[in-house]
Asker: 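Take this structure first; my questions come after.
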Amino acid sequence: MSTPAITPVFVRLKLSLLRNGLRQSGGRKAAYIASAVCALLFAALQLIGLIALRGHAHAESVVVLAVAVLGLGWAVMPLFFPSGDETLDPTRLVMLPLRPRPLVRALLTASLVGIGPLFTLCLLVGSVVAVARGGAAFAVGVVAVGLALLVCVALARAVAAANVRLLTSRKGRDLAVLSGLVIAVGAQIVNFGAQRLGTSGLGELDPAADVLQWLPPATAIGAVHAVSEGSYGRAAAQLALTAGALVALLALWSRHLTRLMTSPDGSTLAGAESAAKERSSTGLTRLLRSPGAESLGGAPSRTGAVMERSLRYVWRDPKTKAAWVTSLAIGLIVPVFNAWQGTGSVYFSCFAAGMLGIQMYNQFGQDTSAFWMVALTISSTRDAYAELRARAYALLLITLPYATLVTVLTTAVLGDWRRLPEALGLSFALLGAMLATGAWTSARFPYSIPQEGYKNVAPGQVGLAWISIFGGMMAAALLCAPVIALTIWLNVSAGGEDWAWLLLPVGTAYGAALTAAGLKLAAPRTARRLPEILAAVSKG
């Protein structure tokens, strides 16, 4: 008895999922149509641009890098957008009597339906046209386009199958939130690369392209260029690498599908016990709960408990984690990349302290509606002071070594070690000022952060957020004015540079004094306004 083919069934299933998804609401249909039009318009313009690149001396380098970046995009797409395609989750098919090989074929064919594959096809066709010369090259180009497209799709499917347990968990949602970080960091890297290309020309891409042309799926485009140059042996090797990568990805995908269909997940008793063991106390937790840590706050155990809670938010809460990781990345990229380009200054390293100092703002809003449990533990100004001070300690535990590291890296790239004490002193003073103003604005202008979606401010509280963050940053800049003025005076006065090293202890002491004063001023306001703060942060 012959088994009916399941590939047409899965293609119809993919089309049905797309059609039914658009029927859910008019807004979703409009968003899908608008995104599809924009993607296709960009693909068409990209195709025209690649065709116009034909005959350029460095056309091969451009298209090889473009296809390599395209392959990277297909690899990370399932990690950052796990809910973008419901068919990425093969666990939905666990109860069906399907064998891995027919299932792989069916899913691979169904994956070719959509805007993403069409966009990829346009880029690959344009790349082939840009580098192909002669009938043999175009013939190889047809094969190369098919292989490269299948490699991209199989790569995305293999990554999704290997991480499906992660993508359907809370950590998978964390990755989706962190996709904003990838966009922010990628924008900085693209900006840096564009500046380099603007000054040096496309020839700067040649060394990278020489390496990437041996990595699938860029090997397919490299094969087309090799045929155009008459290097048939190199072209055969590159096509073989592309085909081998496709076979390896399909085998890996099939293996993970088999494991998903036959093995239990973490919801079983054994999985729960294993997870409980993994959640056992870490070294940092034991340190924060030690008697020495408890003695820091004046109130037994409060400082360590609050610090541990704050650090757990940083690690576990998607919104808090996204804000921290974005600040860490941008705070490093801006000063170091500018120094690398030779256009920066050692004082740019203060950007790192500023980015992390922002995390002190709206401290209670980060707790959302769970703040009521914290509010129950605050009955006096002393309790409020201990709470704010412990939160500042938790932030300093990350910020102080990070700001020091960024300053040292920036100084090392510039080779201006004489100004290292000045930059560190300014960074520490700025950090202290932001901790002080952040504690005060957290009590005076609290606002809610929605737990779902990508909004960071609840509707109706945008004005509060602007006042809290930008008003606090302006106040912090004014508070740092004495240290800034001292830095300028020492650098312009005769013999002042010999005393510039004093800015490190002065800036450190000044920042510590500002932090202490800000916490003292914010504590009584926090204790008095607990009901208003609770109502504000629970709004979303």
Asker: Does the side chain of T320 reach to within under 4.5 Å of the side chain of Q359, using non-hydrogen atoms?
Answerer: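 No, their side chains stay 4.5 Å or more apart.
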Asker: Locate the shortest heavy-atom distance separating P446 from R529; write the atom from each residue and the value.
Answerer: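 Shortest heavy-atom separation between P446 and R529 comes out as CD-NH1, 4.0 Å.
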Asker: Just how far is it from atom CE of M360 to atom OG1 of T437, taken to the nearest 0.5 Å?
Answerer: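 Result: 9.0 Å between the selected atoms.
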Asker: A side-chain contact here means heavy atoms from C-beta on lying under 4.5 Å apart; do Y447 and F364 qualify?
Answerer: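 Y447 vs F364: side chains apart.
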Asker: Examine the side chains of Y347 and T410 and answer whether a donor and an acceptor come within less than 3.5 Å of each other.
Answerer: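 Absent: no donor and acceptor within the cut-off.
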Asker: Output yes when E387 and R309 qualify as a salt bridge under the 4.0 Å nitrogen-oxygen rule, no when they do not.
Answerer: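 Salt bridge flag = yes for R309 with E387.
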Asker: Report the residue from L503, V492, V506 that forms a side-chain contact (heavy atoms from CB on, under 4.5 Å) with T487.
Answerer: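 Of the listed options, the one satisfying the test is L503.
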Asker: Stepwise, does the side-chain contact (heavy atoms from CB on, under 4.5 Å) test hold for I221 with Q213?
Answerer: CA-CA 8 Å; I221 304 303; Q213 67 174 336; over 6 Å; no
Asker: Is any side-chain heavy atom of N362 closer than 4.5 Å to a side-chain heavy atom of T441?
Answerer: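 A side-chain contact under 4.5 Å is absent here.
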Asker: Any side-chain heavy atom of V153 sitting closer than 4.5 Å to one from T120?
Answerer: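 When only atoms from C-beta onward are counted, T120 and V153 do not touch, as no gap falls below 4.5 Å.
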Asker: Under a 4.5 Å cut-off applied to non-hydrogen side-chain atoms, are F371 and L530 in contact?
Answerer: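 Yes, close enough: below the 4.5 Å cut-off.
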Asker: When you look at V346 and L420, which way does the side-chain contact (heavy atoms from CB on, under 4.5 Å) test go after all the steps?
Answerer: CA-CA 7 Å; V346 69; L420 177 60; 5.7 Å; no
Asker: Is there a side-chain contact between K520 and Y385 in this structure, where contact means two heavy atoms from C-beta onward sitting under 4.5 Å apart?
Answerer: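 Result yes, sub-4.5 Å side-chain heavy-atom pair found.
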Asker: Between T377 and R302, do the side chains contain a donor N or O and an acceptor N or O under 3.5 Å apart?
Answerer: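 Looking only at side-chain atoms, T377 and R302 do form a donor-acceptor pair, the distance falling under 3.5 Å.
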Asker: Return the CD to OG distance between Q363 and S468, rounded to the nearest 0.5 Å.
Answerer: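 If we round to the nearest 0.5 Å, Q363:CD and S468:OG are 10.5 Å apart.
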Asker: Which pair of non-hydrogen atoms, one from M434 and one from A476, has the smallest distance, and what is that distance?
Answerer: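 In terms of heavy atoms, the two residues are closest at CG-CB, 3.9 Å.
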Asker: For L328, run the side-chain contact (heavy atoms from CB on, under 4.5 Å) check against L356, T399, V406 and tell me which one passes.
Answerer: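 With L328 as partner, L356, T399, V406 yield a single side-chain contact (heavy atoms from CB on, under 4.5 Å), made by L356.
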Asker: Give, for atom CG of L332 and atom OG of S349, the distance between the pair rounded to the nearest 0.5 Å.
Answerer: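 If we round to the nearest 0.5 Å, L332:CG and S349:OG are 11.0 Å apart.
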Asker: At what distance, to the nearest 0.5 angstrom, does CH2 of W324 lie from OH of Y313?
Answerer: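 The distance works out to 15.0 Å.
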Asker: Quick check on W499: does its CH2 atom have over 12 non-hydrogen neighbours (other residues, nucleotides or ligands) under 6.0 Å away?
Answerer: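 It does not: W499 CH2 has 12 such atoms or fewer within range.
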Asker: What closest approach, in Å, do G518 and A436 show between heavy atoms, and which atom pair accounts for it?
Answerer: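 Closest pair (atom of G518, atom of A436, distance): CA-CB, 3.7 Å.
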Asker: Within a 6.0 Å radius of atom CH2 on W214, are there more than 12 heavy atoms belonging to other residues, nucleotides or ligands?
Answerer: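 More than 12 heavy atoms, drawn from other residues, nucleotides or ligands, come within 6.0 Å of this atom.
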Asker: In terms of ring plane angle, is the pair F119 and F42 parallel, tilted or perpendicular, where the classes change at 30° and 60°?
Answerer: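 Parallel: the ring planes of F119 and F42 meet at under 30°.
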Asker: Nearest 0.5 Å, please: how far is CE in M473 from OH in Y361?
Answerer: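 Here the interatomic distance stands at 7.0 Å.
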Asker: Could you walk me through whether V67 and L212 satisfy the side-chain contact (heavy atoms from CB on, under 4.5 Å) test, starting with their C-alpha distance in whole Å, then the side-chain angles of each, then the deciding distance to 0.1 Å, before giving a yes or no?
Answerer: CA-CA 9 Å; V67 174; L212 292 177; over 6 Å; no
Asker: Is there a side-chain contact between L396 and L435 in this structure, where contact means two heavy atoms from C-beta onward sitting under 4.5 Å apart?
Answerer: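 Touching, per the 4.5 Å side-chain cut-off.
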Asker: Go through it in stages, so that I can follow the logic: the residues are E422 and R419, the test is salt bridge (charged side-chain N to carboxylate O under 4.0 Å, His left out), and I'd like the CA-CA distance, side-chain angles, deciding distance and then a yes or no.
Answerer: CA-CA 5 Å; E422 304 175 34; R419 299 190 186 276; 3.8 Å; yes
Asker: Going by heavy atoms in the side chains, are V63 and L123 under 4.5 Å from each other?
Answerer: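 In short, these two side chains do not touch, never coming nearer than 4.5 Å.
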Asker: Using the side-chain contact (heavy atoms from CB on, under 4.5 Å) rule, pick out the option among T508, L395, T515 that qualifies with L431.
Answerer: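 Exactly one pass, corresponding to L395.
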Asker: Looking at R255, I want to see if its CZ is surrounded by more than 12 non-hydrogen atoms of other residues, nucleotides or ligands under 6.0 Å.
Answerer: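 Check fails, neighbour count at 12 or below.
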Asker: Nearest heavy-atom pair of M307 and A390: which atoms, and what distance?
Answerer: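 Heavy atoms of M307 and A390 come nearest at CG-O, 3.3 Å.
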Asker: Look up atom CD in Q366 and atom OG in S310, then write down how far apart they are to the nearest 0.5 Å.
Answerer: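 One finds 8.0 Å between CD of Q366 and OG of S310.
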Asker: Go through the steps for F428 and L504 under the test side-chain contact (heavy atoms from CB on, under 4.5 Å), then give the verdict.
Answerer: CA-CA 8 Å; F428 294 157; L504 176 55; 4.0 Å; yes
